[in-house]
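Below you'll find the structure, written out as structure tokens, and then a few comments.
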Amino acid sequence: MEPPTKPGRFKGEAKLLAKLAQRADLDIWQPPSLAVRELRSLVDRLQALIDMRQQEINRIEALINQGTPSNVTAMVEEHVAWLNEQIARIQSDIDDHIDGHPELKQDADLMRSIPGIGRRASAQFLAYIGDVRRFKSAKALAAFVGVTPKQKQSGTSINGRTTISRAGHTAARKSLYMPGMVAKRHNPVIIALAKRLEKRGLAPKAIVGASMRKLVHLIYGVIKSGQPFKAEIPLAGLEIQEGIWPYAALRRPTSACLREAR
């Protein structure tokens with residue numbers, strides 16, 4: 001009876017992977033900084049408490065509908081009050097942690113300059129993504145988050161609607177859903193984008209996905225350039241799907257930016 005695996009096979013695969021790594025010029029993985037790891041722990045704990053509070057709120061509604069004695073309901077309400085205190089304390093700890101680390105504070109302030117992104121969304125995104133500058137382009141960041149377009153198509157018979165890929169970082173993508181909804185109403189760049197997509201007949205959910213992707217591009221733009229959001233800059237290049245080069249145009253000749261856009 002032959003063994004389930006052959007040692008020589010793994011040696012061949014190892015050599016093949018080594019050659020691929022040499023030719024592909026892959027970047028060496030760097031672990032997140034201690035400050036980012038601590039922020040991630042705080043953000044995860046905050047989300048756990050928020051989920052727990054929602055469960056207790058749902059439980060209170062169920063108890064009331066079932067006619068459960070008031071003393072049981074009072075115990076759950078007391079727990080909700082305690083959770084509210086803990087949530088407020090951890091949110092304060094997150095704010096203090098970001099303020100205590102200049103690199104995190106700078107990136108958070110730049111992100112919050114974008115209409116639609118508040119303190120919670122900026123903290124979540126930084127906790128899950130870390131240093132945005134490690135990505136070579138906004139498209140690479142969008143692919144990592146999982147908000148790039150995905151079209152369902154097969155031959156000439158199947159031509160489904162375009163959706164977001166959802167193949168990236170789930171938690172980072174979820175942190176952008178509500179900001180994408182808010183930005184559709186309050187961010188002039190994304191308002192213009194949403195109107196343009198509505199005219200094309202895109203479904204509402206697809207427009208939200210496009211708004212999230214645009215937010216990722218804007219986040220990359222403000223952090224990479226080190227300059228806060230200015231609506232007139234991305235509006236000037238709205239037709240360019242990369243959505244980032246206008247920020248770079250502040251420091252580079254227009255002709256160079258146009259060549260990149262093409």
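Bear in mind the structure is a predicted one, so any value in this text is a computation, not a measurement.
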I90 reachable from M52 in the ILVMFWY side-chain graph, under 4.5 Å edges: yes
Pairwise distance CD1(I94) to CG(L104) - rounded to 0.5 angstrom: 11.5 Å
Side-chain heavy-atom pair L20, L16 within 4.5 angstrom cut-off: no
Gap between atom CZ of R134 and atom CG of L141 - 0.5 Å precision: 8.5 Å
Parallel, tilted or perpendicular: ring planes of W82 versus H79, cut at 30 and 60 degrees: parallel
Over all atoms of both residues, closest heavy-atom pair of S113 and P228: OG-CA, 3.6 Å
Heavy-atom pair of closest approach, residues H217 and A142: NE2-CB, 4.2 Å
Sub-4.5 Å side-chain heavy-atom contact between V147 and L215: no
Trace of the side-chain contact (heavy atoms from CB on, under 4.5 Å) decision for V189 with F229: CA-CA 10 Å; V189 175; F229 173 80; 3.7 Å; yes
Close aromatic pair by centroid cut-off 6.0 Å: F144 and F135: yes
Separation of M181 CE from I207 CD1 (nearest 0.5 Å): 11.0 Å
Derivation of the side-chain hydrogen bond (donor to acceptor under 3.5 Å, both in side chains) call for E61 and N65: CA-CA 6 Å; E61 294 179 358; N65 292 334; 5.9 Å; no
S41: side-chain contact (heavy atoms from CB on, under 4.5 Å) partners, not counting sequence neighbours: none
I219-M178 co-clustered via ILVMFWY side chain contacts under 4.5 Å: yes
Residue pair E103 / A35: nearest heavy atoms and the distance that separates them: OE2-CB, 4.0 Å
Beyond-backbone contact of T148 with K139, side-chain heavy atoms, under 4.5 angstrom: no
NE2 on H169 to CD1 on I129, rounded to 0.5 Å: 5.5 Å
Nearest-0.5 Å distance, CZ of residue R40 to CG of residue L126: 12.5 Å
Path from L176 to I50 over hydrophobic side-chain contacts below 4.5 Å: yes
Nearest atoms (heavy-atom pairs only) where A172 meets F125: O-CD1, 4.4 Å
N187 side chain near L193 side chain, heavy-atom distance below 4.5 Å: no
Same apolar cluster: V80 and L63, side chain cutoff 4.5 Å: yes
Check: R45 and Q86 side chains under 4.5 Å, non-hydrogen atoms: no
Cluster check L83, I57: I/L/V/M/F/W/Y, side chain < 4.5 angstrom: no
CZ (R185) with more than 12 external heavy atoms under 6.0 Å: no
Heavy-atom neighbours of E78 CD exceed 12 at 6.0 Å: no
Spacing of CZ belonging to R213 relative to CZ belonging to R173, to within rounding of 0.5 Å: 14.5 Å
Non-hydrogen side-chain atoms of L110 and Q106 separated by less than 4.5 Å: yes
Where A183 and P115 come nearest, the two heavy atoms and their spacing: CB-O, 3.9 Å
Close side-chain approach of L39 and Y128, heavy atoms under 4.5 Å: no
Shortest non-hydrogen contact from S211 toward G180: CB-O, 3.9 Å
For A62, side-chain contact (heavy atoms from CB on, under 4.5 Å) partners two or more places apart: Q66
Q55 and D51: side chain donor to acceptor below 3.5 Å: no
Identified salt bridge (charged side-chain N to carboxylate O under 4.0 Å, His left out) counterpart of D107 within the set K224, R112, R133: R133
Note, R120 side chain near Q47 side chain (heavy atom, < 4.5 Å): yes
